[in-house]
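Have a look at the structure below, then the notes.
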Amino acid sequence: MVVRFAPSPTGPLHIGGVRTALYNYLLAKKHGGKFILRIEDTDQVRFVPGAEEYIMNALEWCGIRVDYGVREGGPAAPYRQSERSDIYERYAQTLLASGNAYLAFDSAESLDDTRKKAEAAGNHGWQYNYKTRMEMENSFTLSPEVVKSRKEAGESYVIRLNVPENREVHFFDLIRGEIIVHTSQIDDKVLMKSDGLPTYHLANIIDDHLMHVTHVIRGEEWLPSAPLHILLYEAFEWTPPSFAHLPLILRPDGNGKLSKRDGDRLGVPVFPLDWTDPVSGEKTSGFRESGYLPDALVNFVVLLGWNPGNDEEVMTQERMSDLFDIERIGKSGTKFDIDKLHWFNQTYLKEKPEESFLDFVKEFLLKNGFNTNFSDAYLLKAIRLMKERVVLVKDFVVKAPYLFKEPEYDEAFLTKQWNENGKKNLIALSSHWESFPSEKWHTETLQPDFHEWITTNSIPNKFILPQLRLALTGVSGGPDSIAIADLLGKNETISRLARLIAHA
RNA sequence: GCCCCGUUCGUCUAGCGGCCUAGGAUGUCUCCCUUUCACGGAGAAGACCAGGGGUUCGAAUCCCCUACGGGGUACCA
């Protein structure tokens, strides 16, 4: 089994692309096959520098390993279509020679004009096909001599597929079953553009054949052009691979395909990694930098349109590939539900060791203007305190900024809890802790001592607990106050008490 | 416009003719645990299976029609 993921480097890899790549990868892994990453950069206009690099890095972050590709090389190298032009040119000539393709001189502008005129006349969706090609300028309507001379005069032309008349094209989709399309619905697609580069359709078929791809798993947006591809395989007299067209990933709200705009609007990433548009300079944040774990993302994504047929949801990549099966891929579009992703993230986060978040937290503190002179021991302790309370990795800081800087008092909490009784008790606690031995400043000793202090002084919980929390964190929720005091250390704890006491 | 694909709790889905008074997960709500928050535990609400016709002893499951949604209709992929 040989599969491939064939993105165009026109921008960062979208979450839908991640899923397509993942399904291909999982299938190859399950069957001991090969997974190819082929870069389809035949459109010079839409090419975006850095996108190719981004795609490879994103796949790597997701734990999707490429067998053959631009970086890895392989038996059918090169794997970048822009480096395979001579191959496409050669095969285009064979199509021309066999009469399965023909030359057309109509310019993009004149075609545009033709479409507009047809539209104005009430004819929607004009197509260059066997019904209209006899009215156009091509090797059907022009004499061989004229064709030759125009070609030699340097006039630009394209090569189009000679779609057979009045036929049904049948093919079997592994997900959707038998699909039949009449050739009257298929236009004479451009195979070679006037710039000498192939279109997707031609390059794709040639490469899949040359790279011995056995299963083509791609997005549903390709389903309508699949019959065209079948025709191409026929023209070359090649056996087509098996096809599986994946349902689309839809917007979380409303309808339509998930786009970058939706991500921006809802504050949800749609790209694996941060991306800066090389032209506009616009920055888009990725799942990684937003604090999502790759394992969680992948686990979430694999279930978007596929399920193992049992109740298993949290799965290792090994388990996924063991269980994966094209037959169990759904047919309908799936909405991108960020809540479920959050649940997966939290679930994976709880299982991971504290050390694994160290680098992220350090970087996050640095990027967000916090002090960065915390020791690893301090950070690890802080992480341990917050572990059950975070959803995203950045929450270690975002949900507990007071562990890394002076607390900001929440207005509502302050108004509700800050009173004379509390103040009096806090002053008493402060002086009690002043005399507490520094070397015993640990939760294990602090905790029982604190309880004893409360009891012996007959202090009601409601006049000390909330106030202590307020002084330490400024907010109403969070880890145990004594544990926070332990982390902060004696000096910082007492200084925070003093600061609240001094507060009006 | 034309063509293709789809339609089960808010969301992801199980279901491939009788096991379905439709199961799980997530989200929501309630209670327990907890001197906060979260975690954890226990429960609840939530789907007339898009609508209408058939086929059948029997349909969420098969067929047809309609509606709605999505995709395609480029010298983009």
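Naming: A, B, ... by sequence-line order, numbering from 1 per chain.
Atom P of B:G23 sits at a distance of 14 Å from the matching atom of B:C48, rounded to the whole Å. Going from the P atom of B:G69 to that of B:C32 covers 46 Å, rounded to whole Å. With C1' as the reference atom, B:A59 and B:G43 are 33 Å apart, rounded to whole Å. Between B:A77 and B:C63, the distance separating the two C1' atoms is 38 Å to the nearest Å. To the nearest whole angstrom, the two P atoms, one in B:A14 and one in B:G6, are 14 Å apart. B:C20 and B:G24 have their C1' atoms separated by 14 Å, given to the nearest Å.
Across all strands shown, B:U36 remains unpaired; no Watson-Crick or G-U wobble contact has both distances below 3.5 Å. Nucleotide B:A47 has no partner under the Watson-Crick or G-U criteria, as no pair reaches both atom distances under 3.5 Å. Under the Watson-Crick or G-U wobble criterion, with both distances below 3.5 Å, B:C16 has no partner in any strand shown. Across the strands present, B:U73 finds its partner in B:G1; the criterion is a Watson-Crick or G-U wobble pair with both atom distances under 3.5 angstrom. Base pairing analysis places B:U26 opposite B:G10; the two distances defining the Watson-Crick or G-U wobble pair are each below 3.5 Å.
Within 4.0 Å (heavy atoms only), A:Pro227 reaches no atom of the nucleic acid at all. Contact annotation for A:Gln127: backbone-only contact, meaning every heavy-atom pair under 4.0 Å involves sugar-phosphate atoms and none involves a base. Counting any heavy atom pair closer than 4.0 Å across all strands shown, A:Lys387 reaches no nucleic acid atom. Across all strands, A:Ser332 comes closer than 4.0 Å only to sugar-phosphate atoms, never to a base (heavy-atom distances). Across all strands shown, A:Arg176 has heavy atoms under 4.0 Å from sugar-phosphate atoms exclusively, and none from any base. Note on A:Ser481: nothing from the nucleic acid sits closer than 4.0 angstrom, heavy atoms only. Using a 4.0 Å heavy-atom distance criterion, A:Thr334 is classed as a sugar-phosphate-only contact. Using a 4.0 Å heavy-atom criterion, one finds that A:Asn204 contacts no nucleic acid atom at all. Note on A:Asn123: nothing from the nucleic acid sits closer than 4.0 angstrom, heavy atoms only. Base contact: A:Leu465 has a heavy atom under 4.0 Å from a base atom. Within the 4.0 angstrom heavy-atom criterion, only backbone atoms of the sugar-phosphate kind lie near A:Gly305; the bases stay farther away. Using a 4.0 Å heavy-atom cutoff across all strands shown, A:Arg328 reaches sugar-phosphate atoms only and no base atom.
Side-chain polar atoms of A:Arg218 and A:His245 form a donor-acceptor pair below 3.5 angstrom.
Both A:Gln185 and A:Tyr128 lie close to RNA chain B; mapped to their nearest nucleotides by heavy-atom distance, the more 5′-ward contact belongs to A:Gln185. If you find the closest nucleotide of RNA chain B to A:Asp480 and to A:Asp41, the one lying nearer the 5' end belongs to A:Asp480.
Between the P atom of B:C4 and the CG atom of A:Asp187 lies a distance of 15 Å, rounded to the nearest Å. One interatomic measurement links the two molecules: CG of A:Leu248 to P of B:C12, which rounds to 13 Å at whole-angstrom precision. Summarising the geometry, the separation between CD on A:Glu312 and P on B:U26 is reported as 15 Å, rounded to the nearest angstrom. Going from atom CG of A:Leu223 over to atom P of B:C3 covers 15 Å, rounded to whole Å. For A:Leu228 and B:G72, the CG to C1' distance is 12 Å, given to the nearest whole Å. Per the geometry, CG belonging to A:Asp311 stands 12 Å off P belonging to B:G23, to the nearest Å. Between the P atom of B:U73 and the NZ atom of A:Lys131 lies a distance of 18 Å, rounded to the nearest Å. The distance between atom CD of A:Gln447 and atom C1' of B:U34, rounded to the nearest whole Å, is 12 Å.
Ring to ring, A:Trp275 and A:Tyr54 are close: their centroids are under 6.0 angstrom apart. Annotation: A:Phe300 is in aromatic contact with A:Phe336 [ring centroid separation under 6.0 Å].
Within the structure, every side-chain polar atom (N or O) of A:Arg469 is placed at least 4.0 Å from both OP1 and OP2 of B:C37. In terms of phosphate contacts, A:Asn307 brings no side-chain nitrogen or oxygen within less than 4.0 Å of OP1 or OP2 of B:U13. Between B:G70 and A:Lys331, no contact under 4.0 Å exists linking OP1 or OP2 to a side-chain N or O. Side-chain nitrogen and oxygen atoms of A:Thr199 include none within less than 4.0 Å of the OP1 or OP2 phosphate oxygen of B:A77.
Comparing B:G24, B:C75, B:C4 by their nearest atom to the side chain of A:Glu313 picks out B:G24. Of the candidate nucleotides B:A38, B:G72, B:C75, B:G72 has the atom lying nearest to any side-chain atom of A:Glu221. When distances are taken from the side chain of A:Asp43 to each of B:C3, B:A77, B:A74, the shortest belongs to B:A77. Distances from the side chain of A:Tyr200 to the nucleotides B:A77, B:C39, B:C5 place B:A77 closest. Nearest to the side-chain atoms of A:Arg46 among the listed nucleotides B:A38, B:C76, B:C5 stands B:C76. Nearest to the side-chain atoms of A:Lys350 among the listed nucleotides B:A77, B:C39, B:A38 stands B:C39.
Under a 3.5 Å cut-off, the side chain of A:Asn425 and the backbone N or O of A:Phe463 do form a donor-acceptor pair.
By the 30° and 60° cut-offs, the orientation of the rings of A:Tyr292 relative to A:His342 is parallel. Note on ring orientation: taking the six-membered ring where Trp is involved, the planes of A:Trp453 and A:Phe450 are parallel (angle under 30°, cut-offs 30° and 60°). Ring geometry for A:Trp222 versus A:Tyr200: interplanar angle under 30°, hence parallel rather than tilted (30 to 60°).
Shown here is A:Glu178, whose CD atom has more than 12 heavy atoms of other residues, nucleotides or ligands within 6.0 Å.
Put simply, the side chain of A:Lys399 and the base of B:A38 share no donor and acceptor less than 3.5 Å apart.
Here A:Glu40 does not pair with A:Arg4 in a salt bridge; the nearest charged N to carboxylate O distance is not below 4.0 Å.
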